[in-house]
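Structure, as structure tokens:
Each chain gets a letter, A, B and so on, in the order the sequences are listed, and its residues count up from 1.
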There are 2 protein chains.
Amino acid sequence: MNDDMMLNEKAVAGGRSGWKQDPAGVQKNILAVAMTEFAANGLSGARIDEIAAKTHTSKRMIYYYFGDKERLYGRVLEEAYRHVRTGEEELELDHLPPVEALKRLAEFTFDHHSRHPDFIRIVMIENIHHGVYLEQSELIRLLNAGAIQKLEAICRRGRANGLFREDVSPLELHWHISASSFFNVSNQATFSRIFGSTLYTVDGQRSLRDHLVEMVVGLALKLDRAKGRARRAARP
Amino acid sequence: MNDDMMLNEKAVAGGRSGWKQDPAGVQKNILAVAMTEFAANGLSGARIDEIAAKTHTSKRMIYYYFGDKERLYGRVLEEAYRHVRTGEEELELDHLPPVEALKRLAEFTFDHHSRHPDFIRIVMIENIHHGVYLEQSELIRLLNAGAIQKLEAICRRGRANGLFREDVSPLELHWHISASSFFNVSNQATFSRIFGSTLYTVDGQRSLRDHLVEMVVGLALKLDRAKGRARRAARP
DNA sequence: CACACTTTGTACCAGTCAGTTAATTTCGTC
DNA sequence: GACGAAATTAACTGACTGGTACAAAGTGTG
């Protein structure tokens, strides 16, 4: 047990030094394990005893720090969003021309989601629960507020440039990028079992990503809309 | 109880007439209720007692006909796929020119998914379980085999026409259409709670769908690829 | 080192839930 | 109208699981 404590760097790195006991580290450890378990088994599928067993501490501690299963899940949800969103912060797009920035953002999102399958699974689970736990978290709404700001800036510059459509919607761009990036991870199991895994090889993934970028850029740009003209002209 | 039986049209419509008892009808009823319950609560979240209570029959019957919870879930999964895929059969595309056919297919898929949220939820749940139950069903693979054939036909005609790119991939087109159509339903809860529900109004949905069609068509067509040229030229 | 407070371990409980036992009713057939 | 098979019901069980009681041990302070 002592050895385990020593292995945890944060115990020393944390604010209050000299403590052998490490509440923050224990909570962090619990959250990490709980995240994996919830991601793997869902809210009702995850077992508190199982989480406890995989922790450096005991079941009692879970209840001590988090109250009950649902609140633990709520914290895991927040942690998942925080972790992923802060990972996105490092992206610097302002110095790129709008089109390049948009490409880069889409590519990054695609790769980023694919690098965080547990986050995707948590969001899937939260959607199964109709987002009721997400709603209880002000933090998550805050975290995400900044997520479209990058896109809004890009669109503003793109319109100023005269390259982007005037009616381009940052929110909708975000939706399309998210949809493909999310689905790519969330539905890999069923899709590949039904249609084979060609799209989940390195080449397949690159192709999907490149085409997604192509499509999103095409949606934002002004040009070559000519052939879309025949679209359902009148709808009374 | 007798009244309930009478209300069930299938009891008479079924093969063997004259029976008051109606095994097929009972099973159908159980499957329908189970579908709703599994879709609402997941595999581990759904309660057999709850399913039984909402049925016209009893818990014992569920075990009598389906064995155990997992096999019931498996049957629900098959039923969900069957129901949705047979709904797709009615789509007649062969008489339309390739571009129109592609548009129509994408639009249909988008609307169809949005009309069958329970199917989407079941597939979400199945993905949470890594698709292990889907794998056990030969039926589902069969049902889906025909799903891309429509797209393959369209692409063949489109290439013959000279309008479609030579390297267009039906599978990938299917993937992109599915991704947006699926995500639109699966992530509505979290997306709308975070970013508001503008995209889930009638206008928002129409816009999403129209743009999806636009993007997919753009991906299939040959023209206006010029501006995509600057893409990561060399990757050694 | 003694005191107040926080953190942790052990053992246990009470409710839930998938699955079963055994007996009863319904149906076609002879 | 009696017989055997299929269909159905109600009550039960045993394992699991979320949550708790209580006791013990660590920590800074004086």
Side-chain N or O of Ser58(B) versus OP1/OP2 of dT8(D): is the shortest distance under 4.0 Å?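 False: Ser58(B) side-chain N/O out of range (4.0 Å or more) of dT8(D) OP1/OP2.
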
Kindly say if Thr57(B) contacts the phosphate of dT9(D), meaning a side-chain N or O under 4.0 Å from OP1 or OP2.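 Result: yes.
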
Output the rounded distance in Å from [atom1] ([X]) to [atom2] ([N]).
X: Asn29(B); N: dA7(D); atom1: CG; atom2: P; value: 16 Å
X: Met61(A); N: dT7(C); atom1: CE; atom2: P; value: 9 Å
X: Leu72(A); N: dT17(D); atom1: CG; atom2: C1'; value: 15 Å
X: Tyr64(B); N: dA10(D); atom1: OH; atom2: C1'; value: 17 Å
X: Ile30(B); N: dA7(D); atom1: CD1; atom2: P; value: 12 Å

Could you walk me through whether Trp175(B) and Phe183(A) pass ring pair (Phe, Tyr, Trp, His ring centres under 6.0 Å), step by step? CA-CA 9 Å; Trp175(B) 188 95; Phe183(A) 180 89; 5.6 Å; yes

Take nucleotides 17-22 of chain C nucleotide by nucleotide from the 5' end and write B, S or -, depending on whether a protein heavy atom sits under 4.0 Å from the base, only from the sugar-phosphate, or from neither. SBBBBB

Please collect all salt bridge (Lys or Arg N to Asp or Glu O under 4.0 Å) contacts where either partner lies in residues 170-193 of chain B, sequence neighbours excluded, each pair once.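 Listed by first then second residue: Glu135(A)-Arg193(B).
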
With sequence neighbours excluded, give me every salt bridge (Lys or Arg N to Asp or Glu O under 4.0 Å) pair touching residues 114-124 of chain B.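 Counting only pairs at least two positions apart or across chains, no salt bridge (Lys or Arg N to Asp or Glu O under 4.0 Å) contact touches residues 114-124 of chain B.
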
With sequence neighbours left out, what residues match Phe38(A) under ring pair (Phe, Tyr, Trp, His ring centres under 6.0 Å)?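 For Phe38(A), the residues satisfying ring pair (Phe, Tyr, Trp, His ring centres under 6.0 Å) (neighbours in sequence not counted) are Tyr73(A).
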
Ignoring hydrogens and angles, write down the donor-acceptor pairs under 3.5 Å from the side chains of residues 146-154 of chain B, residues two or more places apart or on other chains.
none

With sequence neighbours excluded, residues passing salt bridge (charged side-chain N to carboxylate O under 4.0 Å, His left out) with Arg141(B):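 Glu138(B).
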
